[in-house]
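Only a predicted model underlies this, so the values are computations on that prediction, with no experimental measurement involved. Nothing fancy with the numbering, it's 1 onward along the sequence. Only heavy atoms go into these numbers, but all of them, side chains included; no hydrogens, no water, no symmetry mates.
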Amino acid sequence: MAKITDKSAIQFRTLNTKKGPAVHSSRTQNDKLRYHMAMKSVIECQANLDLKQALVEKLITENGEVKGVVDNTGFSFQSKAVIIATGTFLSGLVHIGTSSFMAGRAGEFASYGLAADLKGLGFQLGRMKTGTPPRLLKSSIDFSAFNRQDEQVEAKPFSFSNESVQYPRVPSYMGHTSDKSHKIVLDNLNKSALYSGNIKGVSARYCPSFEDKAVKFPHRTIHKVILEPEGLDTEEIYASGLGNSLPMEVQIKFVRSVKGLEQAEIMRPAYAIEYDYINPIHLKPTLETGRITNLFMAGQINGTSGYEEAAAQGLWAGINAACKILGMPAFILDRSEAYMGVLMDDLVTRGTTEPYRMFTSRAEYRLMLREDNADMRLVQKGYELRLVNKDFMMKVEEKRKKISAEIGRIKQTVIKPSVIVNDYLTGHDTKPIKDGIHLDRLLKRTQLDYKMVKALSPAPESMSNKVSRQVEIEIKYEGYIRRQLSEIDKFKHMEQVKIPLEFDYKKVYGLSNEITEKLFSIRPSSLGQASRIDGITPVAISVLMVALKAFRRS
C-alpha cells in the first residue's frame with residue numbers, strides 16, 4: 001500500500017511537525033484513479049491469486065465452520081477461510097435530504113443479502129453512520145480567495161523501500177465558511193437527513209458533518225474548508241469540511257456561501273451513509289469470529305471509521321487467515337509493538353459503540369511507535385511472513401548497525417571549548433561551553449540538531465538523513481525512551497500471564513457478577529488483556545492472578 005501510495009501521490013505533507021517525533025504523521029493526497037489502477041494491476045499480476053468480481057449473498061457453513069461463499073447468481077466459491085471486509089456496503093443506505101436509496105457508495109450496489117445471512121447465523125448487527133463532502137467543478141472555483149497550501153518539505157516517500165516519488169505534486173487550498181453558511185444549515189436543519197430522524201446509525205464524534213458542527217458548536221460560526229484535487233486528470237475537487245446530508249438545492253446555497261465558491265458547481269453532492277457493523281468484542285485477537293471458525297472480519301464491519309484503520313485490519317486478518325491455513329502461529333502484535341496492535345486490542349477487548357478512529361493518544365507507548373522507526377520495529381516480522389525480501393531486511397539491519405555505531409561514537413566524543421565551537425553554539429541561541437562536554441549532551445539541547453554533530457565532529461563516513469534522524473531522536477529522547485521501555489517490560493510481564501480457554505471465572509472467589517460476566521464474554525487471552533477490559537478493577541486483577549496460580553498448581 002505504501003508503494004502504491006508513492007506511485008500515485010500528488011501531494012505529501014507531514015502533520016504535527018511543531019510537536020515531538022512521536023506524533024509526526026505523514027499524509028498524502030493521492031490521484032484516486034491512479035491508485036486504484038496501480039493496485040488493481042498488482043493484485044491481478046500476483047502469482048497464485050485469482051481475482052473475481054461478484055456480489056456475495058451468503059456464506060457456506062458446516063458445523064460452525066465456514067466453507068466458502070455464494071454470489072447473487074447462485075455460483076459458489078469454496079475456501080478454507082473467508083474474510084469479510086464490507087466497508088460501508090453492508091445494508092448501505094445513502095441519505096441526501098429526505099431522499100434515501102440503497103447503495104454502498106453513491107452509484108454502487110449495497111450488500112443486503114449478506115447482512116441477512118449474517119443475522120441468520122446469529123451475529124448481532126448494529127448501525128453506524130458516516131458521510132462524504134461534495135465534489136466541486138475545478139473551473140467554477142475562484143482559488144484566489146483561498147490560501148494555497150504547497151508541500152511543507154521535500155516529499156518523503158511512504159515506503160521505506162522507495163527513495164523517490166513519481167508524479168508531479170499539486171497544491172491544496174484552505175478557506176473558511178461564513179456566518180451565512182452557518183445560518184443556511186441551521187435554517188434548513190429539519191431537511192437534513194441527520195436531524196430529521198431518518199438516520200438511526202451512530203455518527204463519528206471525530207469527523208462531524210457540518211450540521212453537527214453548527215448544532216454542537218454554536219459559538220463557532222466559521223469552520224475550515226480544504227479543497228483537494230481528486231486526481232491529475234479530473235476536474236473533481238474534494239471539498240473537505242463541507243460534509244452534510246442536506247437536499248441538493250440547500251447544498252448549492254450552502255456551498256456558494258463560502259468565499260471563492262460563489263459560482264461553484266457541484267459535480268457530486270455530499271451525502272450521509274448508514275451501514276451495518278458487528279461489535280468486535282466477540283472477535284478473537286486474530287480478527288477471527290468466535291461464532292464461526294475460519295471466518296474473519298476486517299474494516300468498517302468491525303465498527304471502525306477511516307481508510308487507514310480498514311487497511312490495517314485487512315492486512316491483519318489476511319495474514320492470520322493464511323497463517324491458520326498453513327498451520328503457522330497467529331500473527332499478533334501487542335500494544336508496545338505497533339499502532340495496529342493498539343487498534344486490534346482496543347477493538348476485541350473494549351468493543352465499540354461508535355465509529356472508532358486510531359489516534360496517537362490511544363497508544364501508551366507512542367514514543368516507541370514512531371513512523372520513522374517502523375522499518376526497524378517490523379521488518380523482521382515481515383520477513384518471517386515472507387512479505388519482505390531478504391535484501392530489504394539486510395538493508396534495515398545495516399541501517400540499525402550504523403545508528404548504533406554513531407550513537408556510541410557521539411557518546412564517547414568530548415567537545416572542548418574553542419572559538420569555533422562557541423561561535424557555533426551562540427549562533428544557535430545556546431550557551432557556550434567553558435569545559436569539555438560529551439557530544440550527546442550538546443545534542444540534547446533543544447536548539448541543536450544533528451547538523452551540529454556534522455559541524456563540530458562529523459562521522460568518519462557520511463550518514464543518510466534517515467540514519468542521522470534516528471540518531472538524533474534516540475539521543476534527544478533517551479530519558480523518555482528508557483522510562484517507556486521500563487513501562488513496556490511491566491506490560492510484557494502481564495501479557496505473559498496467559499489465561500487458559502477452559503478457565504472458569506465463576507469459581508474465582510471475590511469477583512463480582514458483572515466482572516465475571518465480562519470476562520466470560522470477552523475471554524481475554526492474558527492477564528494484561530483482562531486488565532484493559534472496561535470495568536475490570538485492579539483488585540479484580542489481583543484476585544484473578546492468585547486464582548490463576550492456584551489453577552496451574554492443580
Side-chain angles (χ1 to χ4, degrees), residues 36-37 39-94 101-105 107-128 273-280 282-304 310-328 330-331 385-387:
H36 171 82
M37 296 308 295
M39 186 60 84
K40 188 170 184 285
S41 176
V42 167
I43 293 170
E44 290 174 345
C45 297
Q46 175 63 46
N48 303 317
L49 179 66
D50 291 326
L51 176 63
K52 308 294 183 186
Q53 299 180 47
L55 182 62
V56 172
E57 289 282 286
K58 63 180 296 185
L59 300 172
I60 303 169
T61 60
E62 292 179 14
N63 302 318
E65 183 176 349
V66 73
K67 296 293 183 179
V69 300
V70 179
D71 71 15
N72 61 331
T73 70
F75 190 82
S76 62
F77 298 83
Q78 304 297 315
S79 63
K80 294 179 181 178
V82 170
I83 304 163
I84 300 180
T86 50
T88 59
F89 286 65
L90 198 63
S91 298
L93 188 64
V94 167
F101 53 92
M102 297 177 184
R105 276 192 297 257
E108 299 187 46
F109 292 113
S111 177
Y112 276 77
L114 182 59
D117 188 55
L118 289 171
K119 287 179 184 175
L121 291 170
F123 289 98
Q124 292 183 333
L125 275 60
R127 203 82 171 136
M128 285 188 176
I273 182 167
E274 284 186 283
Y275 56 93
D276 284 346
Y277 83 103
I278 294 170
N279 197 321
H282 301 299
L283 296 175
K284 298 176 182 178
T286 57
L287 296 186
E288 182 183 11
T289 69
R291 182 172 290 275
I292 297 179
T293 303
N294 292 344
L295 176 65
F296 296 77
M297 294 186 175
Q300 283 91 338
I301 193 171
N302 291 338
T304 62
Q313 290 174 76
L315 177 65
W316 188 284
I319 290 171
N320 276 301
C323 285
K324 189 162 188 191
I325 291 170
L326 296 171
M328 294 169 60
F331 171 72
L385 290 164
R386 288 172 278 172
L387 296 175

(message) Determine whether I84 and L114 satisfy the following criterion, side chain to side chain contact (heavy atoms under 4.5 Å, CB included), listing intermediate values before the conclusion.
(response) CA-CA 10 Å; I84 300 180; L114 182 59; 4.3 Å; yes
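Within the structure, side chain to side chain donor-acceptor pair (under 3.5 Å) contacts touching residues 107-116 (residues at least two apart or in different chains) are R105-E108. Residue pairs satisfying the ring-ring contact (aromatic ring centres under 6.0 Å, His included) criterion with at least one member in residues 46-65, sequence neighbours excluded, are absent.
Side-chain atoms of I278 and R291, non-hydrogen and from C-beta on, never get closer than 4.5 Å to each other. For the pair T289 and M297, the minimum side-chain heavy-atom distance is below 4.5 Å. Within the 4.5 Å cutoff, no side-chain heavy atoms of V70 are placed close to those of D117.
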Show me the donor-acceptor pairs, under 3.5 Å and distance only, between side chains in residues 313-320 and residues at least two apart or in other chains.
unit_1: Q313; atom_1: OE1; unit_2: G299; atom_2: N; d: 3.1
unit_1: Q313; atom_1: OE1; unit_2: N302; atom_2: ND2; d: 2.8
unit_1: Q313; atom_1: NE2; unit_2: T304; atom_2: OG1; d: 2.9
unit_1: Q313; atom_1: NE2; unit_2: E309; atom_2: O; d: 3.1
unit_1: W316; atom_1: NE1; unit_2: P285; atom_2: O; d: 2.9
unit_1: N320; atom_1: OD1; unit_2: F331; atom_2: N; d: 2.7
unit_1: N320; atom_1: ND2; unit_2: W316; atom_2: O; d: 3.1
unit_1: N320; atom_1: ND2; unit_2: F331; atom_2: O; d: 3.0

What side-chain donor-acceptor pairs closer than 3.5 Å can you find for residues 73-83, not counting sequence neighbours?
unit_1: T73; atom_1: OG1; unit_2: D71; atom_2: OD1; d: 2.6
unit_1: T73; atom_1: OG1; unit_2: D71; atom_2: OD2; d: 3.4
unit_1: T73; atom_1: OG1; unit_2: F75; atom_2: N; d: 3.4
unit_1: S79; atom_1: OG; unit_2: A81; atom_2: O; d: 3.1

May I have the list of side-chain donor-acceptor pairs in residues 44-63 shorter than 3.5 Å, sequence neighbours left out?
unit_1: E44; atom_1: OE2; unit_2: K40; atom_2: NZ; d: 2.6

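For A115, the side chain to side chain contact (heavy atoms under 4.5 Å, CB included) partners at least two apart in sequence or on another chain are L90, S91, L125, D276. Contacts of E288 classified as side chain to side chain contact (heavy atoms under 4.5 Å, CB included), with partners at least two apart in sequence or in another chain: K284, T286, T293, N294, F296, K324. Every residue meeting the side chain to side chain contact (heavy atoms under 4.5 Å, CB included) condition with F101, not counting sequence neighbours, appears here in chain and number order: V94, I96, S99, A103. Residues satisfying the side chain to side chain contact (heavy atoms under 4.5 Å, CB included) test with M37, not counting sequence neighbours, are L33.
Considering every non-hydrogen atom in both A110 and M102, the closest pair reads CB-C, 4.3 Å.
Here L385 contributes atom CG and L326 contributes atom CG; the two are 10.5 Å apart, rounded to the nearest 0.5 Å. Once rounded to the nearest 0.5 Å, the distance linking OH of Y275 with CZ of R127 reads 10.0 Å.
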